[in-house]
J.: 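Sharing a structure here in structure tokens format.
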Amino acid sequence: MTQAIPHAGGRLRNFIGGAFRDSEHTFANINPVDGSEINRVCRASRSDVDGAVDAARQALQGDWGTMSAAQRAVVLHRVADGIEARFDEFVAAEMADTGKSLQQASSIDIPRGAANFRIFADLQKSRATECFHTATDDGRGALNYAVDKPLGVVAVIAPWNLPLLLLTWKLAPAMAAGNAVIAKPSEETPATATLLAEVMRDAGVPAGAFNLVHGFGPGCTGEWITSHSGVDAITFTGESKTGSAIMRAAADGVKPISFELGGKNAALIFADCDFDAAVEGTARSVFTNGGQVCLCTERVYVERKIFPQFVAALKQKAEALNIGWPQDADTDMGPLISHKHRDKVLSFFSSARADGAEVITGGDIPKFNDTRDSGAFVQPTIFTGLPETADIVRKEVFGPVCHIAPFDSEEEAIQLANNTDYGLAATVWTDNLQRAHRVAGVMDVGIAWVNTWYLRDLRTPFGGVKLSGIGREGGAHSLSFYSEPMNICIKL
Ligand code: NAD
Ligand code: 6OD
């Protein structure tokens, strides 16, 4: 089955001050299914970044800056309408850039792109601010109230794993709160962000309120944005070590930062769980998007009395996954994002073997005997038998792999789950209500799921502790990062 790729063979341009702009330098946008080039991408120059910052500043002083939250909400709902109207193009572009399955792109990534705009547009409209009546010695009192103001020009730096979903998860609240934005998608996944720029233009977003610049991170577009004196705040999703570099860049201007970073998430499977649901849910949490979701489980701990049965059942699920062409309706898993990333994942597999791991399943590159052999595929993989000190147990792999190990008591399970430098998510499988509350509550993470995984309510706090991030996104948490409350005190 083949499917048209929007802009295929074309040029993806930057979008600055309401207009698409070409640039002197381009780079290739590669399809990881077979390694072919999809498009040339215009790499933003330093002066493009300056232009985007100037355009954003002007938008704040012009039409965008004078709109009410209700007026911005109308525009942002039109953006959501525009994504939905071009749904198939967005799905095809996301699949081409990432190799993710049609099933995933059309049920998660692209619908969430539209939903992100709708929810934050509506939440901002109904947002309340504080107001206090303050007692004074003369008995007349004072009225203290807060006014929320946008931060100004916000840089939005996004990763490649859920490109449209994660970019809009930041853009939507930033724009709903009245900021002007400069978006930089990952160099691996520029296509849906470029389609989004067309949608923004066609939805009547005032020039400069949304700007898009393409390029790489260090020594390039990403670094030029994050170190730019005209940028007022930075919101970033990506690797923890990139977060450290951006934090250093933000230090000079003492800029507010919001970081969603890496994870090394544990699943705890207790013997009293619904076994089939736990196997199904754990397989989903390990292998969704080829394991390339920050929330994916990479460490599975199973109560010893069900350990052999659980390992066998998870192995069966892994081996039943259909790895193939993204556009086929029955494909469960496509390739990894790139050959470079596959090399990284395979080097973790080698180090696991060198550390003495037993391979339960996978551990290699699948063979197709067609053009997919030039793609970036790896097999769904399960290792066991390693000490907690092994690299693959400690470091984020970001691939379709987990290490599985037994535990003997609830205390040991909790200790194992929390014994990591990361703190994004944990999953607990148990039918014991007391245990569910007890264990979930002491997980050292931002999000604990019980008897489910990646069940999202966009109003809830989302983020990580330790190396997994700074701050919380979601609902009012996002809106509060993207605005600054100002206190006005009126003596009565
Ligand atoms: P990455 O950190 O390599 O890149 C993310 C973005 O940052 C890209 O746009 C990149 O060009 C840019 N960038 C890189 N170096 C930069 C620099 N020095 N200055 C400015 N920008 C720079 O991450 P990735 O490989 O695209 O994504 C995978 C990682 O993201 C994994 O670690 C994953 O766990 C994490 N992630 C976390 C979450 C979360 O919500 N916690 C969500 C998705 C991905
Ligand atoms: O669903 C979301 O809102 C979200 N931020 C998901 C992050 C996934 C990480 O890869």
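We count ligands from 1, going down the list as the structure has it; atoms in each ligand are counted the same way.
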J.: Who's the nearest protein heavy-atom neighbour of atom 25 (O) of ligand 1, and how far?
T.: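 Among all protein heavy atoms, the one nearest atom 25 (O) of ligand 1 is W160 NE1, 2.7 Å.
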
J.: Of all heavy-atom pairs between V465 and R472, which one has the smallest distance, and what is that distance?
T.: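 V465 and R472 have their closest heavy atoms at CG1-NH2, 3.6 Å.
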
J.: Over 60° means perpendicular and under 30° means parallel, so classify the ring planes of F398 and H341, tilted if in between.
T.: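 H341 vs F398 ring planes: perpendicular.
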
J.: Which atoms of ligand 2 have any heavy atom of C294 under 4.0 Å away?
T.: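 Numbered from 1, ligand 2 contributes 7 (C), 8 (C), 9 (C), 10 (O).
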
J.: Hey, is ligand 1 close enough to N161 that some N/O pair sits below 3.5 Å?
T.: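 The answer is no, given that N161 and ligand 1 share no N or O pair closer than 3.5 Å.
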
J.: Out of S468, S186, G217, whose heavy atom sits nearest atom 17 (C) of ligand 1?
T.: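 Result: the heavy atom closest to atom 17 (C) of ligand 1 is in G217.
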
J.: Is it the case that the side chain of T331 and the backbone of Q327 share a donor-acceptor pair, with hydrogens and angles ignored and the cut-off at 3.5 Å?
T.: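 Such a contact is absent between T331 side chain and Q327 backbone.
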
J.: Give the residue, atom name and distance (to 0.1 Å) of the protein heavy atom nearest atom 11 (O) of ligand 1.
T.: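 Ranking protein heavy atoms by distance from atom 11 (O) of ligand 1, first comes E187 OE1, 2.6 Å.
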
J.: Which ligand 2 atoms are under 4.0 Å away from a heavy-atom of V293?
T.: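 Per the distance check, 8 (C), 9 (C), 10 (O).
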
J.: When you check the gap from the basic side-chain N to the acidic O, do R118 and E84 get nearer than 4.0 Å?
T.: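 Between E84 and R118 there is a salt bridge, with a charged N closer than 4.0 Å to a carboxylate O.
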
J.: Out of T242, I225, I157, indicate the one that has the non-hydrogen atom closest to atom 16 (C) of ligand 1.
T.: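 Checking each option, the heavy atom nearest atom 16 (C) of ligand 1 is found in T242.
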
J.: Would you indicate which of T226, L261, I447, V293 comes nearest to atom 41 (N) of ligand 1 when only heavy atoms are counted?
T.: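 Selected option, by shortest heavy-atom distance: L261.
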
J.: Taking non-hydrogen atoms only, is N161 closer than 4.0 angstrom to ligand 2 via side chain, backbone, both or neither?
T.: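 For N161, only side-chain atoms sit under 4.0 Å from ligand 2.
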
J.: Does R11 pair with D22 as a salt bridge, N-O distance under 4.0 Å?
T.: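 D22 and R11: salt-bridged.
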
J.: For ligand 1, which atoms, with element, lie under 4.0 Å from some heavy atom of E260?
T.: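 Matching atoms, with element in brackets: 37 (C), 38 (C), 39 (C), 40 (O), 41 (N).
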
J.: Considering only protein heavy atoms, which is closest to atom 4 (C) of ligand 2, and at what distance to one decimal place?
T.: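 Of every protein heavy atom, F462 CZ, 3.5 Å lies nearest to atom 4 (C) of ligand 2.
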
J.: Could you give me the CA-CA distance, side-chain angles and deciding distance for K100 and E94, then say whether salt bridge (charged side-chain N to carboxylate O under 4.0 Å, His left out) is met?
T.: CA-CA 7 Å; K100 69 178 65 203; E94 206 73 300; 5.6 Å; no

J.: Please state which part of E188 comes within less than 4.0 Å of ligand 1, counting heavy atoms only: side chain, backbone, both or neither.
T.: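 Neither part.
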
J.: Please could you name the atoms of ligand 2 that L162 approaches to less than 4.0 Å, counting only its heavy atoms?
T.: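 With L162 as reference, the close atoms of ligand 2 come out as 8 (C), 10 (O).
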
J.: Distance to 0.1 Å, residue and atom name: give those for the protein heavy atom nearest to atom 27 (O) of ligand 1.
T.: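 Here the nearest protein heavy atom works out to P159 CB, 3.4 Å.
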
J.: Determine whether any protein heavy atom is located less than 4.0 Å from atom 23 (O) of ligand 1.
T.: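 Neighbour list for atom 23 (O) of ligand 1 includes protein heavy atoms (cut-off 4.0 Å).
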
J.: Answer side chain, backbone, both or neither: which part of R112 comes under 4.0 Å from ligand 2, heavy atoms only.
T.: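 The part of R112 near ligand 2 is the side chain, not the backbone.
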
J.: Counting each atom of ligand 1 from 1 as listed, which ones have a heavy atom of I246 under 4.0 Å away?
T.: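 Checking each atom against I246, I get 19 (N), 20 (C), 21 (N).
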
J.: Has the side chain of D54 got a donor or acceptor atom that lies under 3.5 Å from a matching backbone atom of G51?
T.: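 A pair under 3.5 Å: no.
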
J.: Nearest heavy atom to atom 39 (C) of ligand 1: which of C296, A155, P185, C294 does it belong to?
T.: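 Result: the heavy atom closest to atom 39 (C) of ligand 1 is in C294.
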
J.: With side-chain contact (heavy atoms from CB on, under 4.5 Å) as the test, pick out the partner of P190 among I38, N29, L212.
T.: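 Testing P190 for a side-chain contact (heavy atoms from CB on, under 4.5 Å) against I38, N29, L212 leaves exactly one candidate, N29.
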
J.: Numbering the atoms of ligand 2 from 1, which are under 4.0 Å from a heavy atom of L166?
T.: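 The list of qualifying atoms is 4 (C), 5 (N), 6 (C), 7 (C).
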
J.: Hey, are the side chains of W169 and L458 touching, using non-hydrogen atoms and a 4.5 Å cut-off?
T.: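 In short, these two side chains touch, coming nearer than 4.5 Å.
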
J.: In plain terms, say whether D332 and R284 are close enough for a salt bridge, that is, a side-chain N and a carboxylate O under 4.0 Å apart.
T.: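 The answer is no: the pair does not qualify as a salt bridge.
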
J.: Which of the listed options, E223, E239, Q292, K241, holds the heavy atom that is closest to atom 29 (C) of ligand 1?
T.: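 It is E239 whose heavy atom sits nearest to atom 29 (C) of ligand 1.
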
J.: Are any of the side-chain nitrogens in K170 or E260 under 4.0 Å away from the carboxylate oxygens of its partner?
T.: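 No, no charged N to carboxylate O under 4.0 Å.
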
J.: Measure from the side-chain N and O atoms of T381 to the backbone N and O of Q379, and report whether any donor-acceptor pair falls under 3.5 Å.
T.: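 Checked: pair present.
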
J.: Tell me which protein heavy atom sits closest to atom 34 (O) of ligand 1, plus the residue, atom name and distance to 0.1 Å.
T.: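 Among all protein heavy atoms, the one nearest atom 34 (O) of ligand 1 is E396 OE2, 2.5 Å.
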
J.: Any idea which atoms of ligand 1 are less than 4.0 Å away from a heavy-atom of L166?
T.: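 Ligand 1 atoms under the 4.0 Å threshold to L166: 42 (C), 43 (C).
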
J.: Which protein non-hydrogen atom lies closest to atom 28 (C) of ligand 1, naming both residue and atom, and how far is it?
T.: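 For atom 28 (C) of ligand 1, the nearest protein heavy atom is F398 CE2, 3.6 Å.
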
J.: Under the side-chain contact (heavy atoms from CB on, under 4.5 Å) test against L165, which residue among I108, V293, T192, I110 passes?
T.: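 Testing L165 for a side-chain contact (heavy atoms from CB on, under 4.5 Å) against I108, V293, T192, I110 leaves exactly one candidate, I108.
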
J.: Do W429 and Y301 have ring centres separated by under 6.0 Å?
T.: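 Ring-ring flag for W429/Y301: false, centres at least 6.0 Å apart.
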
J.: Any idea which of Y422, F462, F259, F236 brings a heavy atom closest to atom 7 (O) of ligand 1?
T.: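 Shortest heavy-atom distance from atom 7 (O) of ligand 1: F236.
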
J.: Quick one: does G464 get a heavy atom under 4.0 Å from ligand 1?
T.: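 Judged by the 4.0 Å heavy-atom criterion, G464 does not count as contacting ligand 1.
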
J.: Hey, which atoms in ligand 2 end up nearer than 4.0 Å to a heavy atom of Y454?
T.: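 Checking each atom against Y454, I get 1 (O), 2 (C), 6 (C).
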
J.: As a check for students: among G222, A158, G238, identify the option with a heavy atom nearest to atom 6 (C) of ligand 1.
T.: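 Ranked by closest heavy atom to atom 6 (C) of ligand 1, first place is A158.
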
J.: Report yes if some heavy atom in the side chain of V79 is under 4.5 Å from a heavy atom in the side chain of F210; otherwise report no.
T.: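 Sidechains of F210 and V79: no contact.
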
J.: Note the single closest protein heavy atom to atom 2 (C) of ligand 2, along with its residue, its atom name and the distance in Å.
T.: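 Closest protein heavy atom to atom 2 (C) of ligand 2: R456 NE, 3.3 Å.
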
J.: I'd like to know if the side chain of K184 reaches the main chain of G215, judged simply by a donor and an acceptor atom lying under 3.5 Å from each other, with no hydrogens or angles considered.
T.: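 Between the backbone of G215 and the side chain of K184 there is a qualifying donor-acceptor contact (under 3.5 Å).
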
J.: Determine the sole option in T297, T427, T452, N265 for which the side chain to side chain donor-acceptor pair (under 3.5 Å) test with S285 is passed.
T.: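 With S285 as partner, T297, T427, T452, N265 yield a single side chain to side chain donor-acceptor pair (under 3.5 Å), made by T297.
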
J.: Counting only nitrogen or oxygen atoms and a 3.5 angstrom limit, does K184 reach ligand 1?
T.: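 In this structure, K184 places an N or O atom under 3.5 Å from an N or O of ligand 1.
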
J.: Are any of the N/O atoms on S240, whether in the backbone or the side chain, positioned under 3.5 angstrom from an N/O atom of ligand 1?
T.: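 No.
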
